[in-house]
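Some notes on the structure that comes next.
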2 protein chains.
Amino acid sequence: MTRKAAPTLEDVARAACVSTATISRALNSPDKVASDTRQRIETVIEALGYTPNFGGRVLASNRTNTVGAVIPTMANAMFASGLQVFQQELSTASYNLLVASSGYDAGNELQQIKSLVTQGADGLLLIGSSRPPETTRFLELRKIPYVIAWCYQAQDKRCFAGFDNIKAASRITLEVLQKGHKNIAMIAGRSAQNDRARNRIIGVTECISKFNDAQLLSVNETEYTLDAGGSAFEDIMRQPDKPSAIICGNDVLAAGAIVRANQLGIKVPEQVSVTGFDDIALATVVSPALTTVRVPQLEMGKVAAKALLELISTGMAKSVELPIEIIHRDSLTDAPEAY
Amino acid sequence: MTRKAAPTLEDVARAACVSTATISRALNSPDKVASDTRQRIETVIEALGYTPNFGGRVLASNRTNTVGAVIPTMANAMFASGLQVFQQELSTASYNLLVASSGYDAGNELQQIKSLVTQGADGLLLIGSSRPPETTRFLELRKIPYVIAWCYQAQDKRCFAGFDNIKAASRITLEVLQKGHKNIAMIAGRSAQNDRARNRIIGVTECISKFNDAQLLSVNETEYTLDAGGSAFEDIMRQPDKPSAIICGNDVLAAGAIVRANQLGIKVPEQVSVTGFDDIALATVVSPALTTVRVPQLEMGKVAAKALLELISTGMAKSVELPIEIIHRDSLTDAPEAY
DNA sequence: CTGAAAGCGCTTACAG
DNA sequence: CTGAAAGCGCTTACAG
């Protein structure tokens, strides 16, 4: 099986009767080459089926035109669709996307980051702002351009493309309180290695604490699965002090809670209101449909790509804070008077 | 901003008092190096914070340790979770994953394939078996190792990691028929550039044609969204000849149909049964929960990764056919007697 | 606008 | 087990 060697710049140069330098220019900065030469070169390239060798190009230019993304998980719809837009945006700039997942584990994240950087990623997309010093040190040391999505911190010099999770969580909490709910519970994501989950808890807590007659009965941290949401719901509804509303850390948890409620014969929202977070497809499919906070997933992907590209080429890019929105559907209603 | 140049093999060699060749060996085939030399080298590498330069390595070895995946869309949960497993499996073999999406468009797919190959992908994961000759030619010409997921064709010499969509669609159809349904409709994906969608239609059609007293009233091709599923459902139920069961090309379509049915006050499954395909999270969240065919998403990701790695290193790998399974939930019930 | 040539940082036969 | 050296295929000042 003798695999005919792919044509090289050398081959093209010979066939087109120019130097390799000119061909390289014709490819990378066409305007520096006379148009007739350029035409001749293009013909030859076409005829030979030449494509630049990746390794040669990378070694000489020290750039890969590749960007890496490390996300918590691809299995959750909330990251996947943003990633899609991110990739499309990169694609228009002739950049490719390397993807890895951390499984919400900081050690794993560092490992994946190192792997992507070793594979030559020119820049990185990361989710969330807080990570162990070891990771931060690595990023700094290697001067890796990176943008952080899914959160926003005004005072921070790093580049964000996201929204303020504390504010967003406060917003949905306010909706709940305005419906007259006094006894509230929260089903949250695991906050230990997840600043978004943590900040959503903070947002809920802070908002409730401003209302004298309202109280946060409990915060149940759990993994982001339907089952876990269901179990947490069941636990909460077994307590003597039942809430009239449950605020969930994301839509998966909320959908899990509602599905379980339906199975247990507990009426949502008549007996308990439930709210979500993220606004993924699930939110419209559960019954009752989720009142939730819509997170600008697609917009984040797009903005993050632009920022990262700019960061790579110019060395700096501005953070952008995207707006969230409360989506009113059927899972949140007025607190029962008698309560 | 003088960015201190990263240490090279050269630097390590000098510091460890050995040749660059030895270091390269210590890195790539440690057993070829005396253990004390290796130790010394490791210390120096650690001290200098050396990591191999990607471009140099790629140019010299002609391998990137990167594979690419071109999937129809990341936004749909069915591909995303398989991709996650695929990446994890690659990761254990020190391979990285480049991802791109085609949006179910063949032209787009070719463009993305070219882009990934240009970026040095050692191999490719592709979804589905049928593509334009132009694409096939490119793949052949460049001798790109690739594996095809989400389908399986016994007679084919290409490498598959998937299941037989025709058989799978027949299986679920048989379930429907065995419940006594005679008048059936199908809501399918767009089959033009999508062999899975096409084969599922074939499977349904073939199976029904074997039953003399049953008929396929209509096949409604539409895009894979909740709304499209809902609209198709509405159209179907507006016809004078209503089906007693609707077989859907995937869970998104089925969930969309059921949500719409609920809104219209049409009872599922009492008035119409509805079945899905894929078994994604949505299937358990809609109410009634979907009777559907479970596709081995995660297993496919894993098997595909193994096959691709083997294909890259040895030049060949066997196709594997994975089993599907019918998941019985609540959206399919007996046909009304009176019908 | 074009060419000659150095150099990017590795890997890998080939010798020893 | 180790080293000297060629070579991978580009890009990019530097001259002209």
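Chain letters run A, B, ... following the sequence lines, proteins first, then strands; residues in each count from 1. Keep in mind it's a predicted model, so treat the numbers as computed, not measured.
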Let me know the distance between [atom1] of [X] and [atom2] of [N], rounded to the nearest Å.
X     : N      : atom1 : atom2 : value
A:E10 : C:dA4  : CD    : P     : 11 Å
B:R14 : D:dG3  : CZ    : P     : 15 Å
B:I23 : D:dA5  : CD1   : P     : 17 Å
B:L9  : C:dC8  : CG    : P     : 13 Å
A:N65 : D:dT11 : CG    : P     : 11 Å
B:I41 : C:dC10 : CD1   : P     : 13 Å
A:L27 : D:dT12 : CG    : P     : 12 Å

Checking [X] side chain against [Y] main chain: does a donor-acceptor pair fall under 3.5 Å?
X      : Y      : result
B:T64  : B:T66  : yes
A:R63  : A:A60  : no
B:S102 : B:Y104 : yes
A:Q112 : A:V70  : no
B:Q84  : A:M74  : yes

Centroid separation under 6.0 Å, is that true for the rings of B:F160 and B:W150?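 When the ring centroids of B:W150 and B:F160 are compared, they turn out to be at least 6.0 Å apart.
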Pairing residues for B:E321 by the side chain to side chain contact (heavy atoms under 4.5 Å, CB included) criterion, not counting sequence neighbours: B:Y152, B:D164, B:K167
Close N or O pairs between protein and nucleotides 13-16 of chain D (under 3.5 Å):
| from | atom 1 | to | atom 2 | distance (Å) |
| --- | --- | --- | --- | --- |
| D:dA13 | N6 | A:R25 | NH2 | 3.4 |

Compute whether any side-chain donor of one residue and acceptor of the other, for [X] and [Y], lie under 3.5 angstrom apart.
X      : Y      : answer
B:T51  : A:R142 : yes
A:R57  : A:N28  : yes
B:S115 : A:N96  : yes

[N] phosphate, OP1 or OP2: any side-chain N/O from [X] under 4.0 angstrom?
X     : N      : value
A:N62 : D:dT11 : no
A:T22 : C:dG3  : yes
B:T8  : C:dG9  : no

Within the structure provided, determine whether B:F138 and B:V117 are in side-chain contact (heavy-atom separation under 4.5 Å). yes
Proximity to DNA chain D (any heavy atom under 4.0 Å), residues of residues 46-61 of chain B only: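 Output list: B:L59, B:A60.
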Contacts to DNA chain D from residues 31-38 of chain B, heavy-atom cutoff under 4.0 Å, which residues? B:D31, B:K32, B:V33, B:A34, B:T37
Considering only atom P, compute the distance from C:dC1 to C:dA5 and round it to an integer number of Å. 23 Å
Run through DNA chain D and report every stem of 3 or more consecutive Watson-Crick or G-U pairs, distances under 3.5 Å, ordered by first number. C:1-3 with D:14-16, C:5-12 with D:5-12, C:14-16 with D:1-3
Salt bridge present between A:R198 and A:D195 (N-O < 4.0 angstrom):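 No, A:R198 and A:D195 are not salt-bridged.
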Stepwise side chain to side chain contact (heavy atoms under 4.5 Å, CB included) test for A:L9 and A:R14: CA-CA 9 Å; A:L9 247 204; A:R14 228 181 337 254; over 6 Å; no
Who passes salt bridge (charged side-chain N to carboxylate O under 4.0 Å, His left out) against A:D156, sequence neighbours left out?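 Salt bridge (charged side-chain N to carboxylate O under 4.0 Å, His left out) check on A:D156 returns A:R158.
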